[in-house]
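Reviewing the structure listed below.
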2 protein chains.
Amino acid sequence: MQISELARRTGVPVATVKYYLREGLLPAGELTGATRARYDETHVERLRLVRALLGPGGLSVATARTVLAAVDAPGTAVHEALGAAHRALPGVGPGDPPDLDRAHAVLDRRGWRVAADSPALRALAAALAALDAAGQPPGDDLLDRYAEAAGRIGEQDVADVPTGSLQEAVRFVVVHTVLLEPVLLALRRLAQEDASGRRFCGGC
Amino acid sequence: MQISELARRTGVPVATVKYYLREGLLPAGELTGATRARYDETHVERLRLVRALLGPGGLSVATARTVLAAVDAPGTAVHEALGAAHRALPGVGPGDPPDLDRAHAVLDRRGWRVAADSPALRALAAALAALDAAGQPPGDDLLDRYAEAAGRIGEQDVADVPTGSLQEAVRFVVVHTVLLEPVLLALRRLAQEDASGRRFCGGC
DNA sequence: AATATTGGGCACCGCCACTATCCAATCAGG
DNA sequence: CCTGATTGGATAGTGGCGGTGCCCAATATT
């Protein structure tokens with residue numbers, strides 16, 4: 001198929017498909033002439049993935065390129081792919097390294113072992129600092145409850161990773177890491193809404 | 001204090017403080033003359049809150065304005081404040097209303113009652129659609145596990161809301177709704193990292 | 001009185017995700 | 001084979017966002 005059909009089948013404007021090609025989010029089609037290129041089903045699939053990462057996944061084009069590079073690298077081990085995805089995700093800039101002590105303490109209480117330079121660790125520390133700044137420092141019990149719930153989920157995420165093909169596993173990890181975040185946040189809000197209705201509205 | 005001291009104490013550039021004043025994120029100081037205004041501790045506190053919402057909270061200026069308006073409205077009930085915060089949070093545009101059936105099914109299995117037009121419900125449906133588009137449709141068991149973990153958290157969030165002052169409760173709800181999201185996401189990533197290390201790296 | 005600072009307003013900047021236009025090459029229809 | 005439409009590729013432009021720089025008259029400080 002040509003670029004116009006690729007665009008039509010995915011609902012993405014042709015100019016945008018060209019943009020993704022330029023940005024390296026989408027592999028080039030097979031050139032059949034100086035002004036013709038052929039695309040196939042893998043391009044359709046990839047384009048849908050790109051749109052999912054950029055839209056609901058909330059990734060920037062630059063971030064998506066890095067994440068997809070990990071998906072494409074042939075020999076990437078699953079643990080490395082997860083690390084690559086985590087590293088690529090919008091993290092905390094190198095500005096003012098936050099206080100990692102409380103974040104470490106939460107991890108220690110659960111017995112989690114993570115890399116000392118884990119971006120998620122810095123993100124957690126930064127988020128805790130923001131709560132302090134907002135005048136609502138979280139208690140250890142609250143953090144532990146959050147950590148327990150997160151632990152359940154993270155454990156399950158990893159247990160679900162398929163063992164068949166490495167390619168498949170890496171793709172699974174990246175997609176689930178990124179696209180289940182909005183699912184989790186939406187479910188939390190729904191749970192809050194339900195609980196709030198019961199506590200403050202008598203079921204509304 | 002004057003604007004320069006407000007800026008100095010919070011580490012925010014003066015021009016940016018002026019911008020927040022223009023945008024209505026920060027209430028105007030008390031005018032003491034045509035070119036003087038006085039700010040107090042409430043402004044320092046509010047400015048820190050604004051920075052926390054805009055930075056780690058990930059809100060846009062427009063969203064933060066809406067959320068803060070709910071905080072400021074005097075008679076807002078807690079349930080309304082939560083709703084206002086949820087409605088203001090970056091949701092799904094009115095484009096292509098997603099299929100709500102699967103989202104409803106998850107909620108029904110947990111017995112949650114939420115508004116039919118809940119933005120979180122639409123967000124959930126959109127996120128599920130994105131997973132489908134990415135070729136990794138989530139199974140019901142996965143969704144149920146996520147919902148269970150989210151339920152634990154949301155329940156606790158609501159139970160923690162202080163009952164003393166309404167103002168205090170509303171502020172608590174807004175801050176916790178917004179700023180615990182990055183905490184939850186960071187903890188999930190850390191749990192994944194820990195679990196991945198144990199499963200795929202033998203503890204690395 | 002001289003100097004420095006302030007509040008307020010407006011214009012401007014850099015970044016980002018597209019989007020529009022142009023061009024030569026090429027394909028399809030007649 | 002000729003003609004007109006379409007394509008790939010490149011370049012430039014757009015609109016929104018979150019600030020940022022600059023200027024001015026008015027005011028405080030010295």
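Within every chain, numbering begins at 1; the chains are lettered A, B, ... in the order of the sequence lines, protein sequences first and strands thereafter.
- Atom CD in B/E30 sits about 16 Å away from atom C1' in C/dT6, given to the nearest Å.
- In this structure, B/L31 places its CG atom 13 Å from C1' of D/dA26, rounding to the nearest Å.
- Nucleotide C/dA28 holds its P atom 8 Å from the CD atom of A/Q2, rounded to whole Å.
- In this structure, of D/dT20, C/dC18, C/dT19, it is D/dT20 that holds the atom nearest to the side chain of B/Y19.
- If you check distances only, the side chain of B/R36 never reaches the base of D/dT29 with a donor-acceptor pair under 3.5 Å.
- Two residues, A/V14 and A/R22, neighbour DNA chain D, and the one matched to the more 5' nucleotide by heavy-atom proximity is A/V14.
- OP1 or OP2 of D/dT6 has not a single side-chain nitrogen or oxygen of A/S4 nearer than 4.0 Å.
- One interatomic measurement links the two molecules: CG of A/L59 to P of C/dC18, which rounds to 12 Å at whole-angstrom precision.
- Rounding to whole angstrom units, CG of residue B/L6 and P of C/dG8 are separated by 13 Å.
- Side-chain N/O atoms of A/Y20 include one lying less than 4.0 angstrom from OP1 or OP2 on C/dC18.
- Of the residues near DNA chain C, A/A34 and A/T16, the one whose nearest nucleotide (by heavy atom distance) lies more toward the 5' end is A/T16.
- Remark: C1' of D/dA28 and CD of B/E5 are 16 Å apart, rounded to the nearest angstrom.
- A pairwise comparison of heavy atoms in A/Q2 and A/Y39 identifies C-CD1, 3.8 Å as the closest pair.
- Donor-acceptor pairing under 3.5 Å is recorded for the side chains of B/S60 and B/T63.
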One pair to check against side chain to side chain contact (heavy atoms under 4.5 Å, CB included): B/M1 and B/R38. What are the steps and the verdict?
CA-CA 5 Å; B/M1 81 189 73; B/R38 195 179 316 151; 6.0 Å; no
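- When the nearest nucleotides of DNA chain C are assigned to A/T35 and A/K18 by heavy-atom distance, the more 5′-ward of the two goes with A/K18.
- Looking at B/S118, its side chain never comes within 3.5 Å of a backbone N or O of B/V114 through a donor-acceptor pair.
- Between the CG atom of B/L21 and the C1' atom of C/dC10 there is a distance of 16 Å, given to the nearest Å.
- When the nearest nucleotides of DNA chain D are assigned to A/A37 and B/V61 by heavy-atom distance, the more 5′-ward of the two goes with A/A37.
- At whole-Å resolution of the value, CG in B/L54 and C1' in D/dC17 are 12 Å apart.
- Counting atom types as modelled, A/R38 pairs no side-chain N or O with a base atom of D/dT7 as donor and acceptor under 3.5 Å.
- Closest heavy-atom contact between B/V61 and B/L25: O-CD2, 3.7 Å.
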